[in-house]
Each structure stands twice: as C-alpha cells, then as structure tokens.
> 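Below you'll find the structure I mean.
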Protein chains: 2
Amino acid sequence: MSEQVPRVLVVEDEAQIRHFVRLALEAEGCAVSEAAGVADGLARAGADDPALVVLDLGLPDGDGVDFIRSFRAWSERPVLILSARTEESHKIDALDAGADDYLTKPFGVGELRARVRALMRRRQRQGGASPWLEFGNVRVDFARRQVTRDGEAIHLTPIEYRLLAMLLAHPGQVLTQRKLLAEIWGASYVESSHYLRVYVGHLRQKLEDDPTQPRHFLTETGVGYRFQPDA
Amino acid sequence: MSEQVPRVLVVEDEAQIRHFVRLALEAEGCAVSEAAGVADGLARAGADDPALVVLDLGLPDGDGVDFIRSFRAWSERPVLILSARTEESHKIDALDAGADDYLTKPFGVGELRARVRALMRRRQRQGGASPWLEFGNVRVDFARRQVTRDGEAIHLTPIEYRLLAMLLAHPGQVLTQRKLLAEIWGASYVESSHYLRVYVGHLRQKLEDDPTQPRHFLTETGVGYRFQPDA
DNA sequence: GCGAATTTTTACGACATTTTTACGCGGCTG
DNA sequence: CAGCCGCGTAAAAATGTCGTAAAAATTCGC
C-alpha cells in the first residue's frame with residue numbers, strides 16, 4: 001500500500017526561491033528534489049524521472065530553454081516555468097520548446113500550487129491507461145519508469161534509461177551520434193562517441209536476447225543507432 | 001483525405017475579443033466554433049466535442065467556474081481561461097475547478113497561440129508515416145534513413161546513402177561527375193572519378209533488378225550520372 | 001567518511017567501410 | 001584493325017569505426 005507520492009524536481013539557482021517553491025510543493029504532498037543548474041537538473045531528472053519539473057529560466061550555467069529541449073528528447077513529463085522575464089517572446093520560446101506552463105515572478109504560493117495541481121491532474125487523467133511499450137520479450141513502462149524482461153524487473157541506470165527513452169521515442173529512425181550525445185551528455189560532448197558505444201552495449205546486454213546479434217538496437221556505422229520495434 | 005483539423009470552442013460574450021481569439025486560433029490551423037454564454041457554450045461543447053475550450057470567465061449568464069465544473073463532469077478536454085480578473089483567488093478557483101491554464105487580459109496573440117499549442121501538443125503524438133519516395137520496387141524514407149526493396153530493408157553505407165540522396169534530389173537531371181565528387185568527397189576529389197564508378201556500381205547492385213541493365217541509375221558517358229524515376 | 005553504484009576512461013580485437021589496385025569490356029578513332 | 005579511353009566489376013589493402021571488458025575516477029546514499 002505504497003502511497004505513491006509524486007516526485008517533483010525544482011531547477012532553480014537562487015536558494016531562497018528554491019526553498020520557497022519546495023515548501024509550496026511539499027504542502028501539495030509532493031516529494032521534492034532540487035538542482036541548481038542545467039547540467040545538474042538533467043542528471044537529476046534522469047535519475048528521478050520526476051512527475052513534474054519546475055524550472056527557473058534564469059540559470060547560471062545555460063539557457064533554461066536548452067534544458068527543456070534536452071529533457072523533451074526523452075521525457076514527456078510536464079514542465080512548469082518560473083521566470084522573471086515577462087516578455088511575450090520568452091514565453092513563446094519556452095512553451096514551444098516543450099514547456100506546459102509559464103509563471104512570471106512575482107507569483108503567489110496559491111497560484112503556484114493551483115497550477116501544479118492542474119498539471120498533475122492532467123497526468124492522472126491520461127496516465128490512467130499505462131502506456132507501456134513492448135519489443136521482443138521486453139516491456140517498458142514509462143509512467144512507472146520500469147523495465148521488465150520476461151516479467152523480471154531490469155535495473156537501468158539514469159543514463160541507460162535516458163538513452164533507452166530517446167531511442168524508443170523514435171522507432172525505426174536513425175538517431176545520429178551527435179544528436180544522442182548532445183541530448184544526453186550535453187552540447188560539448190558531441191564528439192565523444194565512445195560513451196555511446198559503452199552504453200548501447202549496456203542496453204544490448206540487458207535487453208537483447210543475444211547481445212552479439214542485436215535485433216532491436218541496431219548500429220548504423222558512421223552515422224548513429226536505430227531502434228527497431230518488433231519485426 | 002480530410003486533414004483532421006482540431007475543433008476549438010470559444011466561449012466569450014464580447015464579440016470583439018471573440019473575433020480576436022478566433023483569428024489567433026485559425027492561424028493555428030484550428031476550426032473555431034463560438035458561444036456567447038454558459039448555457040450556449042455547454043450545448044455547443046456537447047455537440048462538437050471540441051479538442052480545446054477557450055473560456056472567458058466574465059460571462060453574463062453565469063459563472064465561468066460553473067461552466068468548467070459542468071464540462072468536467074463529462075469531458076476531459078483541456079480548458080484555457082481568459083479573464084480580466086488578476087486576483088490570485090480567481091485563478092486558484094478556476095484551476096481547481098478543472099481548468100488547465102489561466103491567461104489574464106490583456107494578453108498577446110503570440111502567447112495565446114503558444115499556450116494553445118502547448119495544450120494541444122500531447123494529443124497529437126504519432127504522426128505515423130513519413131514522406132517517402134519510390135522507384136521500381138524500392139522505397140526510400142529519408143526521415144528514418146531507411147531504404148527498402150520489396151519491403152525488405154536494404155543497408156546502405158554512409159557514402160552510398162549520400163550518393164543516393166543526391167541523385168534522387170535531382171530526378172531526370174544529369175549530375176556531372178565533378179559535382180557529385182565535390183559534394184560527397186570534397187572539392188579536392190573532383191578528378192577521382194573512379195570513386196563514382198565503384199559506388200554507383202554498389203547502388204545498382206543493391207537497388208536495380210538487373211544491375212547489368214540499369215533502369216534508374218544511368219550513365220551519361222563522359223559527363224556524369226542520371227537518376228531516372230519510374231518509366 | 002565509507003562502501004556501493006555509476007560514470008568515465010582506456011585499450012585492443014573484431015568488424016565495416018573506404019580506398020586502392022587490377023583487369024575485362026566495348027566503343028571510338030586514327 | 002590496333003590502340004586508347006572511359007566504364008564496370010571484383011577483390012585486396014588500408015583506414016576507420018565499433019564492441020567489450022576492465023580499471024580508474026566520480027558520485028551517491030547512509
């Protein structure tokens with residue numbers, strides 16, 4: 001009878017606001033984790049797979065819009081923006097990058113909490129039909145962040161999970177190495193293809209029947225990788 | 001082949017704002033229906049089952065919050081509130097009644113459109129078929145970087161694929177050797193026509209019914225090569 | 001601070017692709 | 001008709017890329 005408390009990730013550099021937001025979210029009955037920057041936030045999001053991300057746009061180590069884009073490459077969780085910028089163009093950019101709501105500072109606790117409730121409610125509404133995805137003898141349940149193979153739970157590390165989510169989000173498509181590296185490790189890692197070799201290897205090891213003869217995680221030499229759903 | 005245009009319902013008593021919103025939504029490619037009051041709006045919503053409702057809170061014949069509650073009794077479609085009231089309590093009430101977003105007047109067209117896009121984004125997930133190109137019994141799907149022949153996947157190496165893409169981009173035209181070489185191998189290889197002989201051979205081997213009698217990848221002796229779409 | 005889990009780095013054999021080389025064919029020309 | 005030239009094919013050589021295992025460094029939870 002686990003109470004299934006939704007996890008929320010707050011990405012915000014100012015400690016004071018972060019604390020303020022944490023209190024508001026905890027009052028909503030959420031479990032809160034925090035990150036102070038873009039890189040930190042993406043790593044944490046990959047580890048926690050939060051039900052909601054509350055994101056400040058004015059981060060020290062990068063643009064919040066970049067966070068949204070990277071995050072959207074492998075996750076569809078709602079994102080609520082907090083920002084001091086009231087210009088319409090900023091709102092449009094953030095919403096089109098994949099954000100779900102945009103709240104300008106200063107804002108009241110009550111409105112923040114109400115908007116959080118609205119975003120989480122929608123998740124419940126459509127999360128009812130647990131959208132799993134199957135290939136081979138593997139089932140991936142994104143809502144629960146759970147991967148099973150022949151019914152047995154398979155443990156994936158944060159990076160493995162993000163890579164898997166990204167590949168599965170584009171079935172049949174070739175994802176270039178540069179794109180995968182940029183979305184998962186960051187723009188400055190686009191040349192470090194050895195990371196991919198290692199982690200694709202992990203996925204095959206854990207999810208393919210015969211890791212030496214992969215049927216789902218295919219290599220396109222010199223280009224990237226392709227996820228092949230069931231034949 | 002109807003394009004499946006999403007229907008949006010605008011519930012707003014002031015004709016001027018209604019028109020303004022209609023224009024914004026139509027610019028998003030939506031089919032718009034209008035209602036001027038709560039009763040009218042609910043009736044219209046029941047008839048149309050719109051993909052989104054844009055709702056003004058200041059209606060003459062009842063409270064907008066009542067509209068939301070009634071609507072939510074039978075529909076889970078997203079609701080976007082427009083309101084002149086900026087008090088936090090109003091926002092909280094509307095969001096908790098079941099609204100998904102709350103926009104205070106005055107607002108910009110751009111922000112309205114962006115928020116509409118954000119609300120509608122989720123429901124349209126799988127666009128499915130990507131544009132492809134066919135000749136003979138071969139199909140080329142550039143979005144997925146996939147080539148099939150009689151339904152069977154054909155593997156192409158990076159150079160083979162680039163050459164194919166280039167030829168297919170200019171159907172019926174003769175592409176000179178120098179141009180192909182410059183584009184694929186670089187400006188300093190424009191004389192090395194033997195590369196082309198090898199790789200055009202590969203394409204014919206993999207894609208032509210009878211590689212010795214090519215029907216699509218034709219040689220223009222002394223000039224270059226020409227891609228011939230279906231006869 | 002300590003142990004466990006995870007990420008990063010490194011090295012090397014296996015494999016895929018590209019490049020190079022060689023040769024046969026056929027048309028054209030002198 | 002002989003020789004030259006451009007083309008097509010095949011296969012060897014060279015290069016580059018990939019997969020794997022394991023060690024080193026880092027992070028995380030307690």
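Just so it is clear: chains get the letters A, B, ... in the order the sequence lines come, proteins before strands, and each one is counted from 1. These numbers come from the heavy atoms of this one structure, side chains and all, not from hydrogens, waters or symmetry mates.
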> Shoot me the first and last contacting nucleotide of DNA chain D against chain A, ordered 5' to 3', at under 4.0 angstrom to non-hydrogen atoms.
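Contacts span D/dT17 to D/dT20, reading 5' to 3'.
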
> Which part of the nucleic acid, if any, lies within reach of A/V198 when heavy atoms closer than 4.0 Å are counted: base, sugar-phosphate only, or nothing?
base

> Does B/E183 CD have over 12 foreign heavy atoms under 6.0 Å away?
no

> Whole angstroms only, please: what is the CG-C1' distance between A/L203 and C/dT7?
14 Å

> Atom CZ of B/R197 and atom P of C/dT21: how far apart are they, to the nearest Å?
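Atom CZ in B/R197 sits about 14 Å away from atom P in C/dT21.
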
> When you check the phosphate oxygens OP1 and OP2 of C/dT8, does a side-chain N or O of A/Y189 lie under 4.0 Å from one of them?
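So the side chain of A/Y189 is outside the cut-off, no N or O lying under 4.0 Å from OP1 or OP2 of C/dT8.
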
> Of the nucleotides C/dT18, C/dT8, C/dT10, which one has an atom closest to the side chain of A/W185?
C/dT8

> Between B/Q205 and B/Q177, which has a closest nucleotide on DNA chain D that is more 5'?
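It is B/Q177 whose nearest nucleotide is closer to the 5' end.
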
> Work out which heavy atom in B/L119 is nearest to a heavy atom in B/L80; give both atom names and the distance.
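Closest approach of B/L119 to B/L80, heavy atoms only: CD1-CB, 3.9 Å.
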
> To the nearest angstrom, how far is A/L218 atom CG from C/dC15 atom P?
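Distance, rounded to whole Å: 17 Å.
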
> Would you mind classifying the nucleic acid contact of A/H155 as base, sugar-phosphate or nothing, using non-hydrogen atoms under 4.0 angstrom?
sugar-phosphate

> Given atom CD1 of B/I159 and atom C1' of C/dT17, what is their separation to the nearest angstrom?
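From B/I159 CD1 to C/dT17 C1': 8 Å.
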
> Scan A/F217 against the nucleic acid and name what it touches under 4.0 Å (heavy atoms): base, sugar-phosphate only, or nothing.
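Nothing: the residue A/F217, judged by heavy atoms under 4.0 Å, touches no strand.
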
